[in-house]
Amino acid sequence: MKLAKVLSYKIPNSKGRSFGIWNFKIWCFNPKSTYTLKASYKKHILNFKRPSGTSRGVLNTKETYFLILRTEEGFGVGECGLLRGLSVDDRPDYEEELAGVCENIELGVSEADLYEALEEFPSIQFGVETAFKSLHSKNPFELFPSEFTNGEASIPINGLVWMGDKVFMKQQISEKLKEGFTCIKMKIGAIGFKTEIELLKSIRTEFSASEVELRVDANGAFSPKEALEKLKVLSDLQLHSIEQPIKQGQWQEMARLCEETPLPIALDEELIGIFSEEEKSKLLDTIKPQFIILKPSLIGGFCGSDTWIKLAENHKAGWWITSALESNVGLNAISQYTFIKNSKLPQGLGTGSLYTNNIDSPLEVSNGELKYNPNKVWNFNFK
């Protein structure tokens, strides 16, 4: 357990009063009342409605963890969205660290010490950060009140096309277009480049670049030697961008691609495991990408995302935000945060309908936009 440094964490309750720490209890500065903060976590296995393919394999299930904070006055919930095979904190001691957070939650921690202690566990950072934000809020599921949570505004999102055989991928493309999506993101790198080009061409024969924006995600599937030639072929289809054409960690090769590419490149997996602000800035200064993609569960939550956004803007790189297959609990938090960041690009937040056993929520997708229906209620009943 790395939470060696623990300082007091002042928590406002729903009535705006503040709390302090004393003898392992949270005391309201009202001498007549005392509130004890307790934490627990619940593992939840999400089941995909249909197998979802990436260049790293086919997904049938996805495990996640809910961190639940409770006081006598209410509760807060955050999601620790571990993604096996991709998250830097996919390690044997993950649950041990999460249990340690729960055991020490009454002590409270300052934000700085919390992030330092959990640096190697960015998905737990996100879960803790979200859970406290939820606890502080009047409504535990409205973390960033806005026109979005009021149901008055929506977020444009891309329609995601998973890998599979040609027939399956073509079916998905057709479904997304019928559903009103004007931005399609297609995962490539598994069924053969020629077939994937044919699928993209089939969209372009019906829809121009001004009508439908096309993005592709290679998940590092190309080798450095072949990548540039493939980017040239893809650029003829007037794509918006390609995510992670080669595997992360090859900074010089990626820098060469970003310098010579005819197609804008977005870094995705490349951001994972880069902890310090100095190293983040070094990465952007070396590679000089056209875009970066932020997955809060993989890069340290809102605080980590804020740092990347600031650095990207300093380096003249664009950005957008994507979920990392969280349940609706994590997706809700990410979506509300995304809205207040005022990005005009379509975001990658259309993953709420992937599972048979997701958490019922007010999130809805309609005509290629993510909306929050305040008339719907949450069904989160983990004791």
Side-chain angles (χ1 to χ4, degrees), residues 54 64 78-83 86-89 115 118-119 121-130 133 143-144 146 148 155-158 160 183 185 187 215-220 240-245 248 254 258 264-285 287-326 329-352 370:
T54 74
T64 197
E79 181 169 357
C80 303
L82 179 68
L83 195 53
L86 184 59
S87 299
V88 72
D89 45 11
Y115 267 79
L118 293 171
E119 183 180 67
F121 295 86
S123 66
I124 300 181
Q125 283 181 323
F126 175 57
V128 172
E129 183 181 43
T130 306
K133 183 75 174 172
L143 311 184
F144 300 94
S146 67
F148 177 70
I155 302 171
I157 60 175
N158 61 246
L160 181 59
C183 178
K185 172 184 168 180
K187 289 185 174 290
R215 300 172 177 173
V216 294
D217 182 2
N219 288 131
H240 173 269
S241 57
I242 180 170
E243 299 178 26
Q244 203 69 43
Q248 70 264 41
M254 188 70 87
C258 288
I265 291 174
L267 303 186
D268 182 0
E269 290 93 337
E270 203 75 63
L271 310 188
I272 298 172
I274 309 297
F275 298 127
S276 72
E277 184 169 339
E278 180 183 1
E279 192 71 2
K280 293 172 183 177
S281 184
K282 181 180 178 182
L283 181 148
L284 295 177
D285 192 50
I287 297 178
K288 296 180 174 61
Q290 285 75 33
F291 294 98
I292 62 171
I293 299 172
L294 309 171
K295 291 184 171 75
S297 290
L298 304 183
I299 59 171
F302 306 131
C303 183
S305 298
D306 283 342
T307 301
W308 277 113
I309 289 171
K310 178 189 71 173
L311 292 173
E313 292 176 347
N314 289 344
H315 285 80
K316 310 301 181 186
W319 56 269
W320 68 86
I321 297 174
T322 301
S323 60
L325 304 182
E326 296 87 358
V329 173
L331 179 61
N332 175 62
I334 295 169
S335 300
Q336 292 184 30
Y337 167 80
T338 299
F339 182 81
I340 67 169
K341 303 310 288 186
N342 296 315
S343 171
K344 304 304 179 186
L345 295 173
Q347 309 295 308
L349 303 173
T351 56
L370 182 66

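Keep in mind it's a predicted model, so treat the numbers as computed, not measured.
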Undergrad: Look at the side chain of Ser281 and the backbone N and O of Glu277, then say whether any donor-acceptor pair between them is shorter than 3.5 Å.
TA: no
Undergrad: Kindly say whether Leu271 contributes a backbone atom to a donor-acceptor pair with the side chain of Gln248 at under 3.5 angstrom?
TA: no
Undergrad: Does Ser146 use its side chain to pair, donor to acceptor, with the backbone of Phe148 at less than 3.5 Å?
TA: yes
Undergrad: Side chains of Glu326 and Thr64: does their closest heavy-atom pair fall under 4.5 Å?
TA: no
Undergrad: Please report the shortest heavy-atom distance between Gly81 and Ser297, naming the atom on each side.
TA: O-CB, 3.8 Å
Undergrad: Any side-chain heavy-atom pair from Asp217 and Ile293 closer than 4.5 angstrom?
TA: no
Undergrad: Say whether Gln290 and Ser241, considering side chains only, have a donor N or O and an acceptor N or O under 3.5 Å apart.
TA: no
Undergrad: For residues Trp308 and Leu284, determine if any side-chain heavy atom of one lies less than 4.5 Å from a side-chain heavy atom of the other.
TA: yes
Undergrad: Distance check, rounded to the nearest 0.5 Å: Leu82 atom CG versus Phe121 atom CZ?
TA: 10.0 Å
Undergrad: Under a 3.5 Å distance rule, please check whether Gln336 uses its side chain to pair with a backbone N or O of Ile334 as donor and acceptor.
TA: no
Undergrad: What is the minimum heavy-atom distance between Ile155 and Ser335, and which atoms define it?
TA: CD1-O, 3.4 Å
Undergrad: Tell me whether Lys295 forms a cation-pi arrangement with Phe126, defined as NZ or CZ under 6.0 Å from the six-membered ring centre and within 45 degrees of its axis.
TA: no
Undergrad: Is there a donor-acceptor pair under 3.5 Å between the side chain of Glu269 and the backbone N or O of Gln244?
TA: no
Undergrad: Which heavy atom of Ala317 sits nearest to which heavy atom of Pro289, and what is that distance?
TA: CB-O, 3.6 Å
Undergrad: Nearest 0.5 Å, please: how far is CG in Leu325 from CG in Leu331?
TA: 10.0 Å
Undergrad: Will you find, in the side chains of Thr351 and Ser323, an N or O donor that is under 3.5 Å from an N or O acceptor?
TA: yes
Undergrad: Applying side-chain hydrogen bond (donor to acceptor under 3.5 Å, both in side chains) between Tyr337 and each of Asn332, Thr130, Asp306, report the one that passes.
TA: Asp306
Undergrad: Where the side chain of Asn219 meets the backbone of Lys187, is there a donor-acceptor pair that is under 3.5 Å apart?
TA: no
Undergrad: How many angstroms lie between NZ in Lys280 and CD1 in Ile292, if you round to the nearest 0.5 Å?
TA: 9.5 Å
Undergrad: Taking Glu243 for its side chain and Asp268 for its backbone only, find out whether a donor-acceptor pair lies under 3.5 Å.
TA: no
Undergrad: Identify the two heavy atoms, one from Gly350 and one from Ile157, that lie closest to each other, and give their separation to 0.1 Å.
TA: CA-CD1, 3.7 Å
Undergrad: In Å and rounded to the nearest 0.5 Å, what is the OG1 to CZ distance from Thr338 to Phe302?
TA: 8.5 Å
Undergrad: Rounded to the nearest 0.5 Å, what's the gap from CG on Asp89 to CG on Leu83? Could you check?
TA: 10.0 Å
Undergrad: Looking at every heavy atom in both Trp319 and Leu294, which two are closest together, and how far apart are they?
TA: CE3-CD1, 4.1 Å
Undergrad: Heavy-atom distance under 4.5 Å between the side chains of Ile299 and Ser305, does that happen here?
TA: yes
Undergrad: Does Glu279 use its side chain to pair, donor to acceptor, with the backbone of Ile274 at less than 3.5 Å?
TA: no
Undergrad: Would you indicate whether the side-chain heavy atoms of Pro245 and Met254 approach each other to under 4.5 Å?
TA: yes
Undergrad: Nearest 0.5 angstrom please: Leu118 CG to Ile124 CD1, how far?
TA: 6.0 Å
Undergrad: Would you check if Cys183 and His240 make a side-chain contact, meaning some heavy-atom pair closer than 4.5 Å?
TA: no
Undergrad: Quick check: do Phe291 and Trp320 have side-chain heavy atoms less than 4.5 Å from each other?
TA: yes
Undergrad: Report yes if some heavy atom in the side chain of Cys303 is under 4.5 Å from a heavy atom in the side chain of Gln125; otherwise report no.
TA: no
